[in-house]
Amino acid sequence: MPVGLLQIRGLSKVFVLHNIAERRVVALDGVDIDVPEGEHVALAGDSGAGKSTLLRCVYRTCVPTSGSIRFGGIELTSLSDSQMADLREVHIGYVSQFLRAEPRRGVVDVVARSGMRGGLDPEAASEAAGDALRRVGITEPLWDTYPSLLSGGEKQRVGLAAAIVRAPKLLLLDEPVASLDPANRESVLDLIASLRERGVTVLSVFHDTGAIARLADRVVLLRSGRIVEQGPAEHILPLLAAVPA
Amino acid sequence: MRETETWALSVQGLTKSYGGRLAVDDVSFNVAPGEALGIVGESGSGKTSVLRCLAGDLDEDSGRAYMSGLDGGQTNIFSLTPAERRALRVSRLAMVYQDPALGLDLGISAGGNVAERLTAAGWRSFGAIRQRAAHLLERTEVPRERMDDLVSTFSGGMRQRVQLAKALATNPPVLLLDEPTTGLDASVAAGVLDLIRDLLAEFRLAAVVVSHDFSVIELLTRRVMVMHNGRVVETGLTDQLLADPQDAYSQRLVAAARS
Amino acid sequence: MSLNALLEDTGSADNGYGSGIMDEHTKRDIRRALLSAVAVPGYQVPFGSREMPVARGWGSGGLQITLAIVGDADVVKVIDQGDDAGVNATNLRRLIVGSTGAAETTVTAEASIIQTRHRIPEEPLKSDQILVLQVPVPEPLRGVERDMRELRRMHAEDDYARLWVSLYEDKVRNGVITRTTGYPCMIGGRYVMATTPIPRWDCPKLHQAHHLSLFGAGREKRIYAVPPYTDVEPVTFDDVPFEVERSPGRCDRCGAVGWTESFLIEVPNSRTWVCSDTDYCARRRLKDRRVKA
């Protein structure tokens, strides 16, 4: 049994909207998840189930309300912001359907900088950036283009390249192929599949079940912030079809 | 993983009141080398006063501030004599002001403004001063042929570039930026922000960036503090604070910025 | 009066210093300021500048110093642009000699007190001579800062960065440092002092001089001093040597070489040059005649 790289216990997230009559929105409600090292765990469920919130709690773009998130033995919720920022830069990648890239910077530069923040020296970073971009199918003519000028699919692939330029221990994927055309979608899925060989552990959210079936070792089905079912993809995916969209 | 508990600047319990009002109320924070910390808030929140106290432009009422590069972080910079504070400003702690007239002498050349910092640091060779000034101005993208022009003839964006060149003249480990692009045209501001971000990384500066503008904070910093009525109401990672602000005031501020 | 005498208590009215146009209390006040100035070379000491029977700006500061230190045994020389016969010099000399028991001279070597505007005599002064300079602008940082508090701070903290910047700007704009009269000098490695109103030519004469130099600014109410054997270093960059003005000719009267021997002034509309220091020029001519005779 592989060691759980990511171990989530009793994770809850309640959004408190102070300015809308203190309204409380429960997004996660006592979630336990184990992601073994080197495995790919996919989160499934309808929209509003809490999938993205869970990824964001791990990455700390959301502040968990309660619960424990252990990553390689470190309790993330007790790290200071600086420590968390350092940890992210080196060990945790996060790719969403929206690329948060620095404006006025060529894409190869965006990716290389991500590598440098992760500890690569400038030369190695720019070499690794080229490799990563080729692997996501962004070819050299686009390397000096500003990300803002790219198509949605291209942006998404640049974001993925930035996340994998220096193989993170944990990769959080939030709809990473949502904007891709079928051909690019296939090649990105190939790339994600190949990360397994580099020992990258993945926690993902995919819209389409095909991707989940192909990549995930295990699927966790969420509904209204709770886990309703989990297990191998072939057991869970049929349930998913039964969930009203 | 980088040593996380190291800091270049550590501020503890900074308090300042004037006009019978607490402008800065018990503010504490650390900034690591190579890290930019943002301070956001509305005007009057006390964010600029924090910088002014650190720079020595305002006298604090109480609190302590340490720099790791000064006596191994053992000396409270607020306890230094005025002359020592001035020396600190020259060599270790630079500030870029929203109003270039506060950071520059507009009546002398761009090169002369950089030269002032260098001569204050003891540089006495004209050739070396000139070379260093030219290098810094080139780095901050001030055209070489404008080096000897009076700063009063420069545009707002160009003045901020000269301020940056002057601030970096002596390779200080800590840089304070007070609304560095407020008042500039959007496209000019974007260029200056780009430059600042590059410089922060290149010089591995510990920076404190004060702005009322979330887009500036988002671009430059990885951690942020929200100030309201002199107090820090929330701190967090910059992307977290923008996505999931916790405090009622922060939520209002973020919602206003997003609308 | 010698430096030693200056340092002695000179409080009583019948001590041989005469009475004249300045009362003994005033003299004592000024002498106190002078002692402070000598004790802190180059530092501007404020003093209670009095009304003098000459207009401020016409040497009232120098006159007050001279009157405060002159005694019956003194021999006084007064020059204006190096010239003993200038109207202002003549008037001041008559005023000093007429109101005190001092004697007058135009011969540099004979004088115990030399009051001057614009020049230091070419002939090196000796340790028993005192040079009194009439100063129009005592503040060397006037061109870079006007706020008095800030000026005091800059001197106090030895913060001369902006003076250096003004030299940088001068050099950038003009290719050379153009400042001529009143060149700023570092005195004793601590205070920057205005050498107004002497030309650069005269600055090296202050460095490690045998004599005492006293500077008086009547309008600005400041006294400062360069004691004997004090370092006087013109403020300049390491790689931009300080250079004095050198006239490209010879003195039309005594033949002194403007490049090396004497500070020459151009005779208007004549393309000829003459020594600014008239006593020096006369002495050279006298010597020539003796040699020829």
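In this text, all values refer to a predicted model and were calculated from it rather than measured experimentally. We name chains A, B, ... by the order of the sequence lines, and we start the count at 1 in each one.
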**Q** Measure the spacing between CD of B:E116 and CG of C:L163 and express it to the nearest 0.5 Å.
**A** 11.5 Å

**Q** To the nearest 0.5 Å, tell me how far B:L150 CG sits from C:R173 CZ.
**A** 5.0 Å

**Q** Is C:R153 close to B:P82 at the side-chain level, that is, under 4.5 Å between some pair of heavy atoms?
**A** no

**Q** Any heavy-atom pair between the side chains of C:W164 and B:I129 that's under 4.5 Å?
**A** no

**Q** To the nearest 0.5 Å, how far apart are OG1 in C:T236 and CZ in B:F126?
**A** 10.0 Å

**Q** Counting only heavy atoms from other residues, nucleotides and ligands, does the tally under 6.0 Å from CH2 of C:W273 exceed 12?
**A** yes

**Q** Any heavy-atom pair between the side chains of C:V172 and B:R130 that's under 4.5 Å?
**A** yes

**Q** Should we say atom CD of B:E138 is surrounded by more than 12 heavy atoms from elsewhere, each under 6.0 Å from it?
**A** no

**Q** Compare all side-chain heavy atoms of C:Y168 with those of B:L118 and state whether any distance is below 4.5 angstrom.
**A** no

**Q** Could you tell me whether the side chain of C:D239 and the main chain of B:S125 form a donor-acceptor pair under 3.5 Å?
**A** no

**Q** More than 12 heavy atoms of other residues, nucleotides or ligands under 6.0 Å from OH of C:Y43: yes or no?
**A** no

**Q** Quick one: which of B:A115, B:S109, B:A120 has the most heavy-atom pairs under 4.5 Å with chain C, could you say?
**A** B:S109

**Q** Distance-only, no hydrogens or angles: does the C:E169 side chain make a donor-acceptor pair with backbone N or O of B:I108 under 3.5 Å?
**A** no

**Q** Name the member of B:A121, B:G127, B:G111 that forms the most heavy-atom pairs with chain C at distances under 4.5 Å.
**A** B:G111

**Q** Under 3.5 Å, side chain of B:R86 to main-chain N/O of C:E157, donor-acceptor pair present?
**A** yes

